[in-house]
Amino acid sequence: MGTTDCGKDTDIRCRNEELALHMKTIAIFLILVTSACGVALPLLGRRLKCLRTDGSVFVIAKAFAAGVILATGFVHMLPDAQEALTDECLPETPWLKFPFSGFIAMLAAFFTLLADFVGTQYYERKHLKDQAETLTCNPIEEGSWPEITPASSVEDTNHKKADALHGDGHMHIVGIHAHAASHSHSHPHGHHSCADETHAHVHGEFGHVHTSPPSVPDPSIRHIVVSQVLEMGIVSHSVIIGLSLGVSQSPCTIRPLMAALTFHQFFEGFALGGCVSQAGFKSLSAFMMACFFAITTPAGIAIGTGVSSVYNPNSPRALIIEGIFDSISAGILIYMSLVDLIAADFLSKGMCCNPRLQFVSYIALLLGGLMMAALAIWA
């Protein structure tokens, strides 16, 4: 099963080992540079105003990158997995009796959801624990509490304020301390839900007071989890694609694959770099994640080139391994692009309250998907 050759005639007719080696060397450096540029641009946005992660340019570019990732999963990875796992060289049972590619992709999406959920819960609890420790270490000083005015005297105070306005012009400020048994609610200011400013009423046995909204988990927590899970999905398929290009001795296969990889690595890097930047990682951690992404595909190409003389990519064993990894990558990329990139951005308040940005982002999303899908004609 591991030595049977299921190769196609295309590689044999276009086989040229010397030219293939030159092209693979060019591909390593080209893909390394484009990957590094793609992942670095959003990280530089911390210092460049035009590339800020809260700017419209970044949002539109990220939508385009999300379309590229979605098309990579649906149009490139999933069909490749289907082709590998239904190859005629594989045993009919079980590989040809069941759609393993779609099934494995579905399981990968389920486990990605689980990792997404568990990771988010972990970081939220860690964040709340850190907040509690901060409050414990920095208690509120007794003198910093506002003056307490009983609820029974609030009405009298209001009368006094009215008299003061008609009399000597002095205004009495009433400070009210909420009781421990109080409750609160918040509501937005303004005439529509796009207003950012909110305040809360706190009611207690002494009266009521306007306060700021209660502490909520840091939104960067979601970006921490998304960036880590997204990198896991990207790396898993980057290794397989790099190996596929590296072991090929056919310039007819390498040329279009190199062009497709250069395009899609840049925009995958941009999406990943955007998530890393929004997560607020420290400079060293962000640099390590960016480097890990940038070198994965070139490393796969180099490894594939080194083992090309002994590794048969068309053996049944290689086809099964490639098909399984492609299916897993497809499930992760489809989930991440739809849930954590597209839905998270397009259903956000910033997008919903800006119809023009929403329209342009939809166009960018569509263009990204169509352009990446069109590359399937050649690669």
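Computed from heavy atoms alone, side chains included, the values below leave out hydrogens, waters and symmetry copies.
- Aromatic pair Y362/F346: centroids less than 6.0 angstrom apart.
- Under a hydrophobic-cluster definition in which Ile, Leu, Val, Met, Phe, Trp and Tyr are linked whenever side-chain heavy atoms come within less than 4.5 Å, directly or via other members, F281 and F292 are assigned to different clusters.
- Between the side chain of S277 and the backbone N or O of G274 there is no donor-acceptor pair closer than 3.5 Å.
- Atom CE of M371 sits in a sparse spot, with 12 or fewer heavy atoms from other residues, nucleotides or ligands closer than 6.0 Å.
- The environment of F98 atom CZ is dense: over 12 non-hydrogen atoms of other residues, nucleotides or ligands sit within 6.0 angstrom.
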- Run the side chain to side chain contact (heavy atoms under 4.5 Å, CB included) check on V68 and F266 step by step: do they pass? CA-CA 10 Å; V68 170; F266 178 84; over 6 Å; no

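- In this structure a side-chain-to-backbone donor-acceptor pair under 3.5 Å is missing from S248 to L245.
- In this model, a donor atom of one side chain and an acceptor atom of the other lie less than 3.5 Å apart for S236 and S329.
- H76 contributes a side-chain N or O that, together with a main-chain N or O of M372, makes up a donor-acceptor pair within less than 3.5 Å.
- Taken together through direct or relayed side-chain contacts under 4.5 Å among Ile, Leu, Val, Met, Phe, Trp and Tyr, I234 and F325 form parts of separate hydrophobic clusters.
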- Applying side chain to side chain contact (heavy atoms under 4.5 Å, CB included), run through M336 and I69 and close with a yes or a no. CA-CA 9 Å; M336 295 300 297; I69 295 176; 5.8 Å; no

- Item | D80 and H237: CA distance, side-chain angles, deciding distance, side chain to side chain contact (heavy atoms under 4.5 Å, CB included) verdict | CA-CA 11 Å; D80 286 350; H237 88 269; over 6 Å; no

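- Just one of D340, L230, V229 meets the side-chain contact (heavy atoms from CB on, under 4.5 Å) condition when paired with T112; it is V229.
- Shown are L261, T296, L243; of these, the side-chain contact (heavy atoms from CB on, under 4.5 Å) with S238 is made only by T296.
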